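Below you'll find the structure, written out as structure tokens, and then a few comments.
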Amino acid sequence: MALQQILVLLRPRGSRLSRSVTVFKYFSTTKADYNETKTDSNNEKTDSSSLGSGSENKSLLENLSVLGVDVQMARRRQPGVFRKIQTNEQGLIDFLAQKGASRDIIASIISRFPRAITRSEEHLEERWRLWRSIFNSDAEVVNILNRSPESFFRSSDNGNLEKNIHYLSSLGIKPKDLHRLLTMAPRIFSNTLALNQMMVELLENVCMSLGGTDSEKFARTVISRNVYILIRSTKRVRSNIEFLLSALELSDEEALKLLQSHGAKILDLSHESMKANFRNLQLKLKSLGCSQMQVRELILNYAPILFVSSETLNQKLDTLTEGGIDIRSIIEKPKVLDYSVATLKQRLNDLHRLGYDFKANGINILDLSSKRFKSKMEKLQELGV
């Protein structure tokens, strides 16, 4: 299907838009789209339970200091907490200790997210219950809190959390993928339900416009492959999809295949970064004698290459080509570009010392794990290659 037809078809179900309207614009960019997450209405406001402006709760400061909290850090992050008359630091400490958190972990959590001490014990129990419906043990939850306390405490809306868990489960997202979502991108569950639904609807609409028959599976697959997509704006994602369709001149079949595989991983990339990295890739490959079709082939083989900054990508390509690697081999085996410049240089030097013939043997050896590469080098040395 022609690109213009695809863009026209990407519209809300049951609506009729002018053919002159680019379809991705039908998802109006809302204020929520930019903010991306629901904020706690009580975040830094001074309310009737707070002291006067500029005054701090001295008793609270003393309690936190005894616990080992970095009060200076906490004050910089959420100063309003220290003006509250009533807080629940002891309840929080007892609660987390019962779940297996050490004194140091508890102090670190409060230092980085002091608003945690404003949560009631009833709230904490309910939120823990919801998290434990996804995680296998209290220890796993404690580890997440230690790494990212805001993921657990930033929202006070347990009802919204429960709705998001039920909604994502209803899409057929498996428990192991829900686990990954909450571990790697917990802000998803602080989004309003409407915001998450908006992204899913966009993905489903993309699928239908490309001739896909199972839009729910398409959305589920993209989300499972890119756990960060739900914390990005629909504006960013739709702009990236539109760009890929246009720049690569994808057929419906190619687009569906790419977006449900490694192409899903780049949909949350900054749109400006995607365009800049694509243009750089075009220029660099052209300087190495490649055609536009070869640029297209490289991205279809491994779309995450567009994550690599222009300077870094150029250094990697220069290192490989100056080391005797044919650009065609790189296009066919692009995952070799995942390795750092230093690693590529070291491996090329090691292989050159042995007289390794890349033309005869290919470049798969450069894409081995450190352990397997070392083992392969030992075997080559034994064989005298």
Side-chain angles (χ1 to χ4, degrees), residues 1-37 163-164 166-174 177-178 181 185 188 191-271 274-275 299-300 303 306:
M1 184 183 294
L3 173 62
Q4 188 58 40
Q5 290 176 294
I6 293 172
L7 298 182
V8 169
L9 285 173
L10 284 176
R11 62 184 68 175
R13 302 173 198 175
S15 69
R16 296 179 63 83
L17 296 179
S18 165
R19 291 181 65 83
S20 64
V21 178
T22 301
V23 77
F24 283 110
K25 292 181 180 178
Y26 92 82
F27 283 104
S28 61
T29 305
T30 63
K31 182 178 180 181
D33 234 351
Y34 286 113
N35 293 337
E36 293 185 333
T37 58
K163 288 176 184 177
N164 275 319
H166 288 165
Y167 174 64
L168 294 172
S169 298
S170 74
L171 296 177
I173 294 179
K174 298 178 180 179
D177 290 321
L178 282 175
L181 290 174
I188 290 170
N191 282 353
T192 62
L193 178 61
L195 193 57
N196 285 334
Q197 288 174 326
M198 189 184 299
M199 181 63 76
V200 171
E201 288 168 6
L202 171 64
L203 296 175
E204 290 179 342
N205 211 54
V206 168
C207 176
M208 291 186 295
S209 71
L210 295 171
T213 58
D214 192 339
S215 59
E216 189 173 279
K217 179 181 178 182
F218 176 89
R220 180 171 65 245
T221 300
V222 173
I223 293 169
S224 296
R225 288 185 172 272
N226 186 338
V227 298
Y228 302 105
I229 197 167
L230 286 169
I231 59 175
R232 306 305 182 202
S233 70
T234 52
K235 178 183 178 181
R236 175 185 294 196
V237 174
R238 66 174 172 264
S239 295
N240 285 342
I241 294 175
E242 185 177 48
F243 178 77
L244 290 172
L245 290 173
S246 176
L248 300 178
E249 299 180 352
L250 298 174
S251 68
D252 290 0
E253 184 179 356
E254 288 175 323
L256 284 170
K257 181 179 180 181
L258 179 65
L259 296 176
Q260 292 181 93
S261 56
H262 51 84
K265 297 178 180 179
I266 63 171
L267 295 183
D268 69 312
L269 179 64
S270 156
H271 186 56
M274 178 180 284
K275 291 192 295 184
I299 295 173
L300 289 179
L306 293 179

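These numbers were taken from a predicted model, which means no experiment stands behind them.
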Legend entry - Closest contact, heavy atoms only, Glu216 versus Leu171: OE2-O, 3.7 Å

Legend entry - Short side-chain to backbone donor-acceptor contact, Glu254 and Leu250, under 3.5 Å: no

Inset, instruction - Supply the atom-to-atom distance Ile241 CD1 to Ser209 OG, rounded to the nearest 0.5 angstrom. - result: 8.5 Å

Inset, instruction - Could you tell me whether the side chain of Asn191 and the main chain of Ile231 form a donor-acceptor pair under 3.5 Å? - result: no

Inset, instruction - For residues Asn205 and Met208, determine if any side-chain heavy atom of one lies less than 4.5 Å from a side-chain heavy atom of the other. - result: yes

Legend entry - Value rounded to 0.5 Å, distance of CG in Leu195 from OG1 in Thr234: 7.5 Å

Legend entry - Heavy-atom closest contact (Met274 atom, Ile266 atom, distance): CE-O, 3.4 Å

Inset, instruction - To the nearest 0.5 Å, tell me how far Phe218 CZ sits from Thr213 OG1. - result: 11.5 Å

Legend entry - Heavy-atom check, side chain of Leu202 versus side chain of Met198, under 4.5 Å: no

Inset, instruction - Compare every heavy atom of His271 with every heavy atom of Asn240, then report the nearest pair and how far apart it is. - result: OD1-ND1, 2.8 Å

Legend entry - For Glu249, all residues meeting side-chain contact (heavy atoms from CB on, under 4.5 Å), sequence neighbours excluded: none

Legend entry - Student check: side-chain heavy atoms of Ile188 and Leu168 closer than 4.5 Å: yes

Legend entry - Flag side-chain contact, heavy atom, 4.5 Å: Ile223 against Leu181: yes

Inset, instruction - Answer yes or no: is there a donor N or O on one side and an acceptor on the other, between the side chain of His262 and the main chain of Arg225, under 3.5 Å? - result: no

Inset, instruction - State the OH-CG distance between Tyr167 and Leu193, to the nearest 0.5 angstrom. - result: 7.0 Å

Legend entry - Atom of Ser215, atom of Cys207 and distance for their closest heavy-atom approach: CA-SG, 3.6 Å

Legend entry - Closest non-hydrogen atom pair between Leu256 and Gly211, with its separation: CD1-C, 4.4 Å

Inset, instruction - State, to 0.1 Å, how close Met199 and Val237 come at their nearest heavy-atom pair, and which atoms those are. - result: CE-CG2, 3.6 Å

Inset, instruction - List in chain and number order the residues that pass side-chain contact (heavy atoms from CB on, under 4.5 Å) with Lys257, two or more places apart in sequence or in another chain; answer none if no residue qualifies. - result: none

Inset, instruction - Might you confirm whether atom CD of Gln197 has over 12 heavy atoms from other residues, nucleotides or ligands at distances under 6.0 Å? - result: yes

Legend entry - Verdict with supporting geometry, Leu244 and Leu306, side chain to side chain contact (heavy atoms under 4.5 Å, CB included): CA-CA 11 Å; Leu244 290 172; Leu306 293 179; 4.2 Å; yes

Legend entry - Leu267 side chain reached by Arg232 side chain, heavy atoms, under 4.5 Å: no

Inset, instruction - Examine distances only and state if a side-chain atom of Asp177 and a backbone atom of Ser224 form a donor-acceptor pair shorter than 3.5 Å. - result: no

Inset, instruction - Any chance you could measure Leu230, atom CG, to Asn196, atom CG, to the nearest 0.5 Å? - result: 5.0 Å

Inset, instruction - Using atom types as modelled and distance alone, determine if a side-chain donor or acceptor of Ser261 lies under 3.5 Å from a backbone N or O of Leu258. - result: yes

